[in-house]
Amino acid sequence: MTALSWLNAEAFTVFGQKVIWSDMIGNLMGLAALALGWRRSIWTWPAQLLSGLILIAAYASAHLAGGVGKQLLVIGVAVWGWRAWQLGRKQAQDGSIAVRTASWKERGLLLAGAAAGTLAVGGLFTLYPDLSWSPWADAYIFVGTIVAMVAQARGLVEFWFAWLLVDLVGVPLAFNNGLAFSGLVYVVYFALVLWGAYDWYQRSRTTTPAQALEGATA
């Protein structure tokens, strides 16, 4: 048995749906990455990169081309985020990344990018139905994940809310496409996102104006 076939083999069944190894391992790594992000640890990015590599196999097995493409972009953003946090980690006294709330301009750019990206990717999936079983939901998650990671790389508290909006669509989509473990992990994500958002917001209130300016221009 090859490594790829093993990753896409059934691990166990839950609620009448089979759970494959790649879906389980990749999402556990993703959950670890989110927990590390809450702790503002630089290791959140290697964990996210590894999660993306493994989840490519899971989405490919479910014929979700949008999911595969999303993970490829996740890997690229993870490399960029890793570098960005390495450069910015000295901004915080404890050696972790300094966090802040986004400016209204940044919020507008994130929302505009999310809307334009979803329309573009959703339109592409609609024109080529073989790319996705759920074109608009898949496009929404695809773009929303990238927006969240970009905001995280810049140390913006709003990245948690972007993840929250992704979860609201990600849970039913994962279950409907037979990725039961992804659906269950998204539920855990929801709780962790609320916790992380509160913690980052509290820490952002101690960020100095100079740190905020430096983060905004990084």
Side-chain angles (χ1 to χ4, degrees), residues 11 14-15 17 19-55 58-59 67 70-71 73-75 77-78 80-82 84-85 88-89 92 94-102 107 110 114 137-138 140-177 179-207:
V14 60
F15 301 135
Q17 295 194 50
V19 174
I20 60 177
W21 287 108
S22 57
D23 187 27
M24 180 177 68
I25 297 172
N27 276 290
L28 285 176
M29 288 300 303
L31 189 60
L34 196 60
L36 288 166
W38 163 56
R39 299 294 298 171
R40 304 172 332 282
S41 168
I42 195 73
W43 291 102
T44 185
W45 298 108
Q48 190 66 69
L49 191 153
L50 182 58
S51 172
L53 287 172
I54 296 173
L55 284 175
Y59 284 108
K70 181 187 78 173
Q71 295 308 320
L73 281 176
V74 161
I75 291 169
V77 176
W80 172 66
W82 194 354
W85 277 29
R89 63 193 305 182
D94 60 1
S96 61
I97 191 71
V99 299
R100 62 184 177 86
T101 55
R107 291 170 184 168
L110 290 172
D138 206 8
Y140 173 88
I141 294 173
F142 182 107
V143 176
T145 297
I146 302 306
V147 169
M149 290 184 67
V150 168
Q152 180 185 8
R154 295 182 63 81
L156 302 179
V157 174
E158 284 76 5
F159 111 82
W160 293 103
F161 299 102
W163 268 123
L164 182 63
L165 293 174
V166 168
D167 284 355
L168 293 178
V169 175
V171 172
L173 182 65
F175 277 113
N176 288 340
N177 286 285
L179 298 177
F181 201 84
S182 287
L184 293 173
V185 169
Y186 271 122
V187 174
V188 180
Y189 276 171
F190 184 84
L192 188 58
V193 162
L194 294 178
W195 191 0
Y198 175 78
D199 181 73
W200 271 40
Y201 175 72
Q202 292 299 317
R203 291 182 180 278
S204 73
R205 297 174 68 181
T206 65
T207 300

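For this chain, numbers begin at 1 and follow the sequence in order.
Thr101 and Ser204 get closest at one heavy-atom pair: CG2-OG, 3.8 Å. What you find for Ala153 and Trp80 is that their closest heavy atoms are CB-CZ3, 3.4 Å. Between Val169 and Ala137, the shortest heavy-atom contact is CG1-CB, 3.8 Å. Here the shortest heavy-atom pairing between Ala151 and Leu110 reads CB-CD1, 4.3 Å.
At least one side-chain heavy atom of Leu165 sits under 4.5 Å from a side-chain heavy atom of Tyr140.
Here the rule is ring-ring contact (aromatic ring centres under 6.0 Å, His included) with Phe159, and of Trp38, Tyr201, Trp200 only Trp200 fits it.
Residues forming a side chain to side chain donor-acceptor pair (under 3.5 Å) with Ser51 (at least two apart in sequence, or on another chain): none. Looking at residues two or more places apart in sequence or on another chain, you find a side-chain contact (heavy atoms from CB on, under 4.5 Å) between Tyr198 and Gln202.
For the pair Glu158 (side chain) and Ala102 (backbone), a donor-acceptor distance under 3.5 Å is present. Under the 3.5 Å distance criterion, the side-chain polar atoms of Trp85 are matched with a main-chain donor or acceptor of Gln152. The backbone N or O of Ile54 lies less than 3.5 Å from no partner atom in the side chain of Ser22, so there is not a single donor-acceptor pair.
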Would you please test Arg203 and Arg100 for side-chain contact (heavy atoms from CB on, under 4.5 Å) and show each step? CA-CA 8 Å; Arg203 291 182 180 278; Arg100 62 184 177 86; over 6 Å; no
Please walk me through it: do Arg40 and Asp199 pass side-chain contact (heavy atoms from CB on, under 4.5 Å)? CA-CA 10 Å; Arg40 304 172 332 282; Asp199 181 73; 4.2 Å; yes
Test side-chain contact (heavy atoms from CB on, under 4.5 Å) applied to Leu34 and Trp160, step by step: CA-CA 10 Å; Leu34 196 60; Trp160 293 103; 3.7 Å; yes
Kindly determine whether Val74 and Leu49 satisfy side-chain contact (heavy atoms from CB on, under 4.5 Å), including the steps that lead there. CA-CA 7 Å; Val74 161; Leu49 191 153; over 6 Å; no
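Here Leu53 contributes atom CG and Ile25 contributes atom CD1; the two are 13.0 Å apart, rounded to the nearest 0.5 Å. Once rounded to the nearest 0.5 Å, the distance linking CE of Met29 with CE of Met24 reads 13.0 Å. Here Ile141 contributes atom CD1 and Thr145 contributes atom OG1; the two are 7.0 Å apart, rounded to the nearest 0.5 Å. Within the model, atoms CG of Leu55 and CD1 of Ile75 stand 9.5 Å from one another, a figure rounded to the nearest 0.5 Å.
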